[in-house]
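Take a look at the structure below.
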2 protein chains.
Amino acid sequence: MTDTRAYHHGDLRRTLLAAALEAVGEVGPAALSLRDLARRAGVSHAAPAHHFGDKACLLTALAAQGFDLLAQTLTEADGDLLEAGVAYVDFAVTHRAYFEVMFRPELYRADDAELTAARGRAGAALRSGVAALPTGGAPADTDRDSLAAWSIAHGFATLWLAGALPDRVGDNPREAARAVLRRLST
Amino acid sequence: MTDTRAYHHGDLRRTLLAAALEAVGEVGPAALSLRDLARRAGVSHAAPAHHFGDKACLLTALAAQGFDLLAQTLTEADGDLLEAGVAYVDFAVTHRAYFEVMFRPELYRADDAELTAARGRAGAALRSGVAALPTGGAPADTDRDSLAAWSIAHGFATLWLAGALPDRVGDNPREAARAVLRRLST
DNA sequence: CGGGAAAACTTGTCAGTGGCAAGATTGCGC
DNA sequence: GCGCAATCTTGCCACTGACAAGTTTTCCCG
């Protein structure tokens with residue numbers, strides 16, 4: 001289809017991002033090599049720099065994509081905080097490459113406009129889930145509650161990805177996360 | 001004192017670890033350069049390899065030190081789960097370099113004997129803090145509770161370090177952590 | 001239709017890095 | 001004091017990111 005044009009690949013930017021996602025999944029975001037991406041895409045070693053200028057800028061684009069995907073995921077679980085938390089953990093596990101880039105701001109340009117916008121959307125989705133929570137009569141403290149919910153979901157996801165959790169937790173992230181997250185809503 | 005011996009530095013291993021801790025604090029664990037460590041220590045570029053064989057092995061030693069330090073910190077707050085959580089977050093912030101290495105197992109040898117031992121000690125300290133918690137009549141589920149406590153403290157610490165938390169959280173990690181962690185013991 | 005400018009990509013190069021091999025130096029035990 | 005092992009150095013290779021300059025293609029404007 002679009003493979004015999006040596007020049008003007010046509011979709012190189014997208015191709016490189018896909019290759020980057022794959023490579024991050026294999027070797028982690030820090031060990032990502034632009035030259036490896038170029039090889040995967042079948043272009044010269046300097047082609048990535050033309051589209052992204054920089055390794056950090058490429059990871060910025062990847063992180064922005066990730067935050068958008070996360071925002072979408074969280075929005076779908078809207079209204080049910082527990083399910084939103086489970087969805088957060090599930091996102092981290094199934095989209096590990098995205099997740100690992102997103103929370104490693106030293107690797108990208110955290111002040112990029114598109115990125116901050118996408119991150120804002122994800123944050124809003126999270127907060128709206130918490131605000132919708134029934135307070136059971138007690139005065140709501142959405143700020144604190146959303147921080148707590150975010151922290152426990154993020155912590156569990158991070159520990160899961162790091163392989164730091166003991167074996168007894170099992171191998172089903174959604175189930176394990178649900179049990180732990182329920183602890184917040186006792 | 002110990003600077004004019006060109007050969008047989010005498011304490012090079014320790015010196016390199018200290019330099020590594022400093023360098024990780026400056027550029028992060030992934031961007032650590034063995035050659036930079038060698039320059040900081042005033043030795044040749046291959047000297048680190050002799051003591052650690054490998055970059056990963058050097059980071060393994062650093063991580064093991066970190067887990068030991070964390071175990072010690074948690075033990076001191078024994079009996080008070082909330083304070084243990086605060087201490088966990090405080091450890092992450094004040095010993096950021098250690099913390100960042102410890103939970104990036106792809107950078108070191110996670111199966112190293114000394115490391116797993118140190119990690120075990122830290123985990124035991126955490127669990128003992130949870131087990132000592134008064135249950136208020138309800139049946140205790142130490143497994144789940146310690147996972148939840150660890151998750152929320154770890155998540156808050158990680159988000160804090162990533163600079164992902166909103167500005168309104170303030171700049172006092174202990175105070176902010178205490179407010180969030182209290183949410184678990186309502 | 002055609003010509004020039006811009007976009008897309010390549011080639012070449014440079015400094016920096018990790019890891020290995022081989023050599024130099026030192027201290028320690030016998 | 002002598003050999004030997006531990007410690008450290010020098011030299012090298014493949015790889016990487018970034019930059020500069022050149023080449024090819026597309027596209028737009030006349």
Side-chain angles (χ1 to χ4, degrees), chain A residues 1-24 26-63 101 104-109 112, chain B residues 1-24 26-63 101 104-109 112:
Chain A
M1 327 243 286
T2 61
D3 56 305
T4 49
R5 289 182 288 178
Y7 269 70
H8 289 79
H9 178 288
D11 218 11
L12 184 54
R13 190 189 156 91
R14 197 182 315 268
T15 303
L16 286 172
L17 282 176
L21 194 63
E22 194 177 288
V24 169
E26 295 171 10
V27 299
L32 185 71
S33 155
L34 290 182
R35 290 169 114 100
D36 179 50
L37 297 188
R39 281 189 293 267
R40 287 175 195 241
V43 293
S44 80
H45 69 264
H50 176 70
H51 283 278
F52 296 98
D54 209 332
K55 189 172 174 177
C57 290
L58 190 149
L59 289 174
T60 304
L62 214 60
V101 174
R104 215 153 263 161
E106 76 274 14
L107 295 181
Y108 58 81
R109 306 282 152 92
D112 177 81
Chain B
M1 328 239 286
T2 60
D3 56 306
T4 47
R5 289 183 289 176
Y7 270 69
H8 289 79
H9 178 289
D11 218 11
L12 183 55
R13 191 189 157 91
R14 198 184 314 269
T15 302
L16 286 172
L17 281 175
L21 194 63
E22 194 177 289
V24 169
E26 295 170 10
V27 299
L32 185 71
S33 157
L34 290 182
R35 291 171 111 98
D36 179 51
L37 297 188
R39 281 190 294 267
R40 287 176 195 242
V43 293
S44 81
H45 69 263
H50 176 70
H51 284 278
F52 297 97
D54 207 331
K55 190 172 174 176
C57 291
L58 190 150
L59 288 175
T60 304
L62 214 58
V101 173
R104 235 178 220 69
E106 76 273 15
L107 296 180
Y108 59 80
R109 306 283 153 90
D112 177 81

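Letters go in sequence order (proteins before strands), and every chain restarts at 1.
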Set out, line by line, the N/O atom pairs under 3.5 Å between protein and nucleotides 10-14 of chain D.
{"from": "D/dG11", "atom 1": "O6", "to": "B/H45", "atom 2": "NE2", "distance (Å)": "2.9"}

Would you kindly give the CG-to-C1' distance between A/L37 and D/dC15, to the nearest whole Å? 15 Å
Taking 4.0 Å as the cut-off, does a side-chain nitrogen or oxygen of A/S33 come that near to OP1 or OP2 on D/dC15? no
Can A/T60 and A/F52 be said to form a side chain to side chain contact (heavy atoms under 4.5 Å, CB included), step by step? CA-CA 9 Å; A/T60 304; A/F52 296 98; over 6 Å; no
For A/A56, what residues pass the side chain to side chain contact (heavy atoms under 4.5 Å, CB included) criterion, not counting sequence neighbours? A/D54, A/R109
Rounded to the nearest Å, what distance is computed from the CG atom of residue B/L12 to the C1' atom of nucleotide D/dC8? 8 Å
My understanding is that only residues two or more places apart in sequence, or in another chain, count here; which of them pass side chain to side chain contact (heavy atoms under 4.5 Å, CB included) with B/A41? B/L12, B/T15, B/L16, B/V43
Spacing of B/L16 atom CG relative to C/dG18 atom P, expressed in whole Å: 13 Å
At 4.0 Å (heavy atoms only), tell me whether A/L32 reaches a base, stays on the sugar-phosphate, or touches nothing. sugar-phosphate
For DNA chain D, whose closest nucleotide is more 5', that of A/A49 or that of A/D36? A/D36
Got a sec, which residues hit side chain to side chain contact (heavy atoms under 4.5 Å, CB included) with A/A23, two or more places apart in sequence or on another chain? A/L32, A/D36, A/L37, A/R40
Going from CG on A/L58 to CG on A/L62, what distance comes out if it is rounded to the nearest 0.5 angstrom? 6.5 Å
Give me the atom names and distance for the closest heavy-atom approach of A/A38 to A/S44. CB-O, 3.2 Å
Where along residues 50-58 of chain A does a heavy atom come under 4.0 Å from DNA chain C, residue by residue in number order? A/H50, A/H51
Using atom CG of B/L34 as one end and atom C1' of C/dG16 as the other, report the distance to the nearest whole Å. 13 Å
At 4.0 Å (heavy atoms only), tell me whether B/R39 reaches a base, stays on the sugar-phosphate, or touches nothing. sugar-phosphate
Round to the nearest Å and state the distance from B/L59 atom CG to C/dG19 atom P. 10 Å
Between B/V101 and B/P29, which heavy-atom pair has the shortest distance, and what is it? CG2-CB, 3.8 Å
Run the side chain to side chain contact (heavy atoms under 4.5 Å, CB included) test against A/R35 and tell me which residues pass, sequence neighbours left out. A/S33, A/R39, A/H45
Once you round it to whole Å, what is the distance between P of C/dA8 and CG of A/D11? 12 Å
Which atoms form the tightest heavy-atom contact between A/R13 and A/H51, and what is the distance? NH1-O, 3.6 Å
